[in-house]
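See structure below.
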Amino acid sequence: MALVTIRILDGPERGKAYHQIATPVTVGREEGNLIQLSDERISRYHLKIHENGGAIILTDLQSTNGTRVNGEVISVWRLRPGDIISAGRSVIVFGSTDEIANRLAILAKQDKSTFVPMGIDGEEFNFLSRSLEHVTTGDINSSLFDVAIFRGLSPNELAPLHLLPPPQLPTGLQPKNAAQMTEFLQYIHIRLRYLVSSVKSEQLAKKKENDQSDLDRITVSADQWQNIIDLYDKMAKYLNSISEP
């Protein structure tokens, strides 16, 4: 059992906070949920937050409209302080003020060159920026962010919370599971190796009159472009099926 803090940032229950509540926590419209939301786009039992092996895990309970974390659709996800959960019309932030501040302090010291932004094509990605525009101009009452958790922080300072770092491999795998993981990664590695080896490079003269240097451009064949699309599709299917029983 772990203790977690959850705040409702937007939706019918906007402004509610649940401090240090014991897991597991279910969220949905039904009275049986620890966090009940009167949101018609929320399923009766929409998602569960629980502890497993020292990690806090969010699981979508096969909800009708799905669950997003930091703008990305997920079925199962390891939560970290500052993660933004979107379900129906409700937007939830995970973690206490101190937990989020500690995570930001750790991220500030890390090399984030290999991190990737989450949810860049989704509305959730801009939620913090839009909300903080009101906070930074002093219009606290009209802000969706009428909680003190992020006051004084700029969108740029909060952005690292929603960058996805290179994942660590699971530890303590049984030999069968380790072999399956190796086969999975080897399959992706071989396909990427063929793709990388097929790339052709060419140089284009820059058109600026005072710039005599060349600009590199790489090209891939139509077949290899299809290879990229197919691999992208397979990864989406893997992600979709990982939480299936």
Side-chain angles (χ1 to χ4, degrees), residues 2-10 14-15 17-21 23 25 27 47-60 67-87 90-137 140 143-172 181 185 188 235 239 242-243:
L3 300 178
V4 298
T5 296
I6 295 169
R7 300 170 187 256
I8 314 298
L9 301 182
D10 198 14
R14 181 181 72 190
Y18 302 82
H19 298 282
Q20 297 295 289
I21 54 176
T23 56
V25 175
V27 179
L47 62 91
K48 179 173 73 171
I49 297 173
H50 58 105
E51 186 268 340
N52 184 265
I56 305 299
I57 306 298
L58 182 152
T59 302
D60 179 83
T67 302
R68 291 176 180 263
V69 174
N70 301 332
E72 300 286 351
V73 177
I74 60 93
S75 296
V76 59
W77 188 259
R78 179 182 177 182
L79 286 174
R80 298 171 176 84
D83 279 348
I84 298 292
I85 304 163
S86 299
S90 300
V91 180
I92 301 165
V93 64
F94 174 77
S96 67
T97 305
D98 288 342
E99 289 169 340
I100 295 172
N102 290 338
R103 185 176 172 217
L104 280 170
I106 293 171
L107 287 169
K109 300 175 183 178
Q110 294 181 343
D111 177 10
K112 293 178 280 294
S113 59
T114 57
F115 290 28
V116 294
M118 300 178 67
I120 56 175
D121 295 324
E123 178 66 16
E124 292 87 348
F125 184 75
N126 296 314
F127 181 82
L128 290 174
S129 297
R130 289 189 292 104
S131 301
L132 283 166
E133 285 176 1
H134 298 289
V135 175
T136 54
T137 57
I140 302 297
S143 171
L144 297 176
F145 254 72
D146 54 0
V147 292
I149 189 168
F150 290 136
R151 288 180 189 166
L153 296 176
S154 69
N156 286 338
E157 290 172 310
L158 289 169
L161 289 173
H162 305 140
L163 294 176
L164 185 62
Q168 295 182 348
L169 289 174
T171 59
M181 178 66 73
L185 295 174
I188 298 174
M235 293 304 298
L239 286 169
I242 197 69
S243 62

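These numbers were taken from a predicted model, which means no experiment stands behind them.
Although no hydrogens or angles enter the test, the distance criterion places no donor-acceptor pair under 3.5 Å between the side chain of His19 and the main chain of Ser96. In this structure a side-chain-to-backbone donor-acceptor pair under 3.5 Å is missing from Thr5 to Gly95. Using a distance-only test at 3.5 Å, with no hydrogens or angles considered, a donor-acceptor pair links the side chain of Thr23 to the main chain of Ala2.
Taking CG of Leu47 as the reference point, atom OG1 of Thr67 lies at 5.0 Å (rounded to 0.5 Å). Atoms CZ and CD1, from Arg78 and Ile56 in turn, are 9.5 Å apart once rounded to the nearest 0.5 Å. Between atom CG of residue Leu79 and atom CD1 of residue Ile57 there is a gap of 7.5 Å, rounded to the nearest 0.5 Å.
Side-chain atoms of Glu72 and Trp77, non-hydrogen and from C-beta on, never get closer than 4.5 Å to each other. Side-chain contact between Ile49 and Ile6 is present, with at least one heavy-atom pair separated by less than 4.5 Å. Considering only heavy atoms from C-beta on, Ile85 stays 4.5 Å or farther from Arg68 through its side chain. By the 4.5 Å heavy-atom criterion applied to side chains, Leu107 and Phe115 are counted as neighbours. Side-chain contact between Ile21 and Val4 is present, with at least one heavy-atom pair separated by less than 4.5 Å. Residues Arg80 and Asp83 form a side-chain contact, since some pair of their non-hydrogen atoms from C-beta on lies under 4.5 Å apart. Proximity of Leu164 to Asn70: side-chain heavy atoms (C-beta onward) are nowhere separated by under 4.5 Å. Taking 4.5 Å as the limit, some side-chain heavy atom of Pro170 sits within range of a side-chain heavy atom of Met181.
Under 3.5 Å, the side chains of Asp111 and Ser113 contain a donor-acceptor pair of N or O atoms.
When every heavy atom of Lys112 is checked against every heavy atom of Leu163, the shortest pair comes out as CD-CD1, 4.0 Å. Nearest heavy atom pair, residue Gly82 against residue His162, reads O-NE2, 2.9 Å. Residues Ser86 and Val91 approach most closely at OG-CG2, 4.3 Å, considering heavy atoms.
Considering Ile8, Leu161, Ile84 as possible partners of Val93, the one that fulfils the side chain to side chain contact (heavy atoms under 4.5 Å, CB included) test is Ile84.
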